[in-house]
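Data block below; observations after.
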Amino acid sequence: MNVVEVDRLNVEVSRTRARVARDVCFEIEAGKILALVGESGSGKTTVAMALLGHTRRGATITGGTVRLAGADILSLDRDSLRAMRGRDVSYIPQNPGIALNPSQRVGRQVAEVLETHGIGLPEKRRERVAAALQDVALPSDDAFLNRYPHELSGGQQQRLMIAMAFIAKPRAIVLDEPTTGLDILTQAHVLSTIRDMCRRHKVCALYITHDLAVVAEIADSVMVMLKGEIVEVGDKDQVLHRPAHRYTRSLLAAAPDITAFKASKGSARAEPLADKAKLAVLSGKNLSKSFGRLQVLHGLNFELRSGEVLALVGQSGSGKTTLGRSLMGLSGGCSGEIRFKGDLLPAALFDRSNDQRRTLQYIYQNPHASMNPRRTIAENVSSPFQHFFGMSRRDAHRRSVDLLAELSLPKSIADAFPREISGGECQRASIARALACSPDVIICDEITSALDVSVQASIIKLLQDLSRERGLALLFITHNIALVASIADSVAVMQGGTIVDYGPTARVLGEPRHPYTIELIEKTPSVSLSRR
Amino acid sequence: MAVGTAMVALVIGVAVLGPMLAPHTPTQFVQRPYALPSAKALLGTDGLGRDVLSRVLNGGFSVLWMSLAATAIGAALGTTIGLVAGYSRSIIDDVLMWLTDVVLAFPQVVLVLLFVSMLGPQLWLIVLVVSISHAPRVARMVRGVTIEIVNQPFIEAAETIGVPTRDILLRELLPNLVTPLMVEIGLRMTWSIGIVAGISFLGFGIQPPASDWGLMISENRDGLILQPFGVLAPLAMIAVFTIGTNLLAEAISRSASNIGDVSPNT
């Protein structure tokens with residue numbers, strides 16, 4: 001039986017009359033998970049919100065029907081809609097850290113769903129909350145219920161959201177990229193929780209994602225969306241392995257896959273690197289770092305040669321970003337010996353010479369946050385030209401416009417403000433800013449994790465080209481081990497502030513030695529290894 | 001925006017061009033004291049038989065320049081202190097904040113009266129003390145916003161690409177402060193007008209027989225029942241000025257916040 005039936009749904013932006021969803025039709029059976037795949041801006045979230053009878057501010061549903069268990073949602077008035085949301089259909093947002101009320105205790109927050117909808121007797125609610133938390137494998141004792149959201153890990157927060165979504169026993173549930181911010185092991189856990197809960201409670205789910213590997217892991221059927229239109233719908237195996245639409249094929253091609261390293265990398269690049277053994281541009285010996293009494297890095301050693309791409313992989317909290325930042329001399333640096341182009345590098349950024357600062361660069365995860373929002377892209381990119389090369393404002397501007405063009409960004413971008421351009425474009429611009437310094441080493445901190453799969457692929461391609469052409473060494477920090485396969489020459493796996501596995505990519509991914517590496521590789525969802 | 005601009009323009013026009021338009025000189029005897037409005041004196045006369053309209057037209061300039069100067073100096077001083085304190089994240093921050101706390105402990109009017117009673121009623125002194133009393137209030141706000149912005153990666157990015165500290169403060173941080181700063185300046189301007197007018201009302205500002213809106217209210221309040229325009233006219237001017245600056249500052253900050261926003265996308 002179909003729980004959700006959507007027929008010719010149309011959504012328009014009121015002001016521009018642009019259609020963000022065009023004749024969208026689909027249905028979901030009870031207990032099934034339908035994945036909705038597409039890039040940012042394709043209208044995924046718009047369609048998902050329509051299931052709750054909601055549109056983003058400034059958009060209106062201009063046509064079509066949305067039926068939930070037979071009832072037409074779009075004809076309901078405000079009060080009935082409010083009563084329906086959370087009770088019959090619930091929503092799990094992308095970022096639980098923002099979605100949870102930071103000043104409300106965990107237990108109260110979950111119970112609020114029941115109170116709002118007047119479900120169950122007040123004295124029984126506590127038991128019901130406890131049961132819901134047990135369902136998602138969270139502790140249900142009073143100590144846990146009295147915690148605040150910030151005292152939980154990202155995975156726990158997301159499981160709490162799942163518990164809240166399921167507690168009222170809804171008929172349908174909408175999930176908007178619920179695992180995007182999570183690392184692989186947590187993601188695996190959250191995914192299995194979602195799958196389990198849907199099966200057990202016979203709830204149908206619409207799962208929005210841009211990650212095809214996750215689709216392979218969780219979905220029963222898949223729907224691909226492009227520019228507001230559904231271009232392909234079908235059974236999971238059919239869509240992932242025998243895609244009919246061109247766009248689906250390009251998405252699949254762009255998805256990084258952990259099994260890809262054997263084909264493209266491996267022994268071919270391992271040998272020339274060995275010859276250049278003495279050309280280590282950046283090396284760390286016995287690097288340690290503590291925040292107060294908490295030691296986060298425990299005596300790390302690594303070596304990065306020019307032209308080499310070293311990937312630093314690990315879960316969040318493993319210390320990989322701390323290592324990257326310490327190498328940059330940010331947040332006070334670290335203890336131990338950092339050698340850069342043969343010289344000892346002072347620990348703190350402000351003790352380093354201009355030349356050292358210039359040749360060691362850093363690119364941030366969130367491109368929009370790393371650009372000054374009040375200055376145009378060209379102004380942002382031209383800073384290094386002015387400060388490191390003493391160019392006049394006009395020369396610097398001209399150079400940065402050229403540089404942006406070299407990275408195949410459209411001309412109009414130079415005078416745009418950061419928030420006016422897409423994440424992919426902005427990340428390219430921040431790569432341009434790093435390149436403006438003519439660096440020898442760039443530390444890339446999760447630079448693709450905020451981007452769409454196809455954009456991610458183009459950024460990776462760009463970095464590979466740059467590394468090859470300019471002999472740039474890259475320290476590539478990521479939690480996505482699948483990405484490592486397609487870019488890195490060697491891999492260092494971090495766990496709890498130590499490097500547990502370190503070697504050429506083919507060796508680490510092909511014949512992993514450390515149990516943690518093995519676990520990481522096993523838990524990584526993969527389109528080609530999709531299993532049920 | 002239009003309303004605010006019009007109100008401020010009106011007041012500035014009156015203050016600057018008023019002396020030229022005034023039918024009489026501010027000290028000239030026109031009619032009997034407290035005469036009601038007539039063709040001879042459109043807003044009536046004050047307690048000494050001087051034309052209220054002429055005195056209003058002549059009395060705006062002192063309030064205007066004093067409050068503008070006090071606000072400008074106070075905002076500049078406060079912004080500098082706030083930026084340095086917020087960016088330094090060190091003992092400098094603590095010391096600067098202690099100092100601002102000391103100044104904040106005095107009510108603004110009391111602080112001005114204290115200095116004026118020690119050093120005499122001098123206009124530059126009033127401007128200086130009012131601006132000093134504004135500075136910590138602006139500094140507190142600027143520091144708060146700065147701390148928030150400093151934690152965003154683009155400041156760190158600027159540090160790693162070698163931008164000197166002075167440029168980080170002025171070119172990276174300051175543009176992102178425009179919105180809250182405009183609101184704050186509008187608010188401070190309102191306070192400046194109030195304090196400057198209040199001080200001359202109390203008799204410590206411009207001295208008679210010169211004309212000044214605050215002073216006029218004080219001079220004419222005895223005749224409030226007989227001839228209300230002597231008080232109402234300068235009062236209305238002060239009110240229009242205050243409300244106008246507020247509306248204008250709000251409009252400017254609203255249009256400034258359309259350029260780019262500090263809020264991160266995460």
Side-chain angles (χ1 to χ4, degrees), chain A residues 40 94-95 97-98 181 325 328-331 348-350 352-376 379-390 393 416-420 422-423 426 430 433-434 436-437 439 442-443 445 450, chain B residues 79 82-84 86-93 141-142 145-185 252-266:
Chain A
S40 40
Q94 176 170 358
N95 190 335
I98 298 175
R325 290 174 57 84
M328 277 312 289
L330 296 167
S331 48
L349 178 69
F350 288 101
R352 296 181 182 173
S353 73
N354 251 346
D355 204 45
Q356 287 169 333
R357 281 202 220 181
R358 177 175 69 76
T359 46
L360 182 58
Q361 281 300 311
Y362 194 87
I363 302 174
Y364 292 81
Q365 172 172 10
N366 184 339
H368 285 110
S370 66
M371 291 269 173
N372 191 330
R374 293 276 173 162
R375 308 179 71 192
T376 64
E379 280 170 353
N380 269 298
V381 173
S382 64
S383 288
F385 286 128
Q386 288 178 32
H387 297 296
F388 284 133
F389 300 103
R393 199 180 274 220
F417 285 96
R419 69 162 186 180
E420 295 167 345
S422 72
C426 201
S430 56
R433 182 172 60 182
C437 304
I442 301 182
I443 299 174
D445 189 0
Chain B
T79 306
L83 275 177
V84 171
Y87 181 67
S88 74
R89 283 168 285 181
S90 65
I91 182 80
I92 302 173
D93 180 18
M141 188 281 302
V142 169
V145 182
T146 303
I147 286 176
E148 213 169 285
I149 301 173
V150 160
N151 283 328
Q152 285 189 39
F154 73 87
I155 296 298
E156 224 170 64
E159 286 167 4
T160 59
I161 54 176
V163 181
T165 307
R166 184 180 51 102
D167 281 10
I168 289 184
L169 294 182
L170 295 181
R171 293 182 50 194
E172 304 285 341
L173 279 169
L174 195 56
N176 288 293
L177 287 168
V178 171
T179 310
L181 202 54
M182 284 313 300
V183 176
E184 184 71 20
I185 287 176
I252 292 174
S253 72
R254 202 175 297 149
S255 70
S257 67
N258 284 337
I259 299 171
D261 222 307
V262 201
S263 62
N265 307 41
T266 42

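A, B, ... follow the sequence lines: proteins, then strands. Residue 1 opens every chain.
- Side chain of S382(A) to backbone of F385(A): no donor-acceptor contact under 3.5 angstrom is found.
- Looking at Q94(A), there are no atoms closer than 4.5 Å to chain B (heavy atoms on both sides), in backbone or side chain.
- Listed by chain and number, the residues in a side chain to side chain donor-acceptor pair (under 3.5 Å) with S370(A) amount to none (sequence neighbours excluded).
- Remark: the E156(B) side chain and the Y364(A) side chain contain an N/O donor-acceptor pair separated by less than 3.5 Å.
- Listed options H387(A), Q365(A), R357(A) were ranked by heavy-atom pairs under 4.5 angstrom with chain B; first place goes to H387(A).
- Here the side chains of P153(B) and N366(A) are not in contact, with every heavy-atom distance at 4.5 Å or above.
- Across every non-hydrogen atom of T160(B) and A157(B), the tightest pair is OG1-O, 2.8 Å.
- Not counting sequence neighbours, the partners of R358(A) by the salt bridge (charged side-chain N to carboxylate O under 4.0 Å, His left out) test are D355(A).
- In terms of the side chain to side chain contact (heavy atoms under 4.5 Å, CB included) criterion, residue partners of N380(A) (sequence neighbours excluded) are, by chain and number, M371(A), N372(A), R375(A), P418(A), R433(A).
- Contacts from residues 164-172 of chain B to chain A, taken as heavy-atom pairs separated by less than 4.5 Å, involve P164(B), D167(B), R171(B), E172(B) in sequence order.
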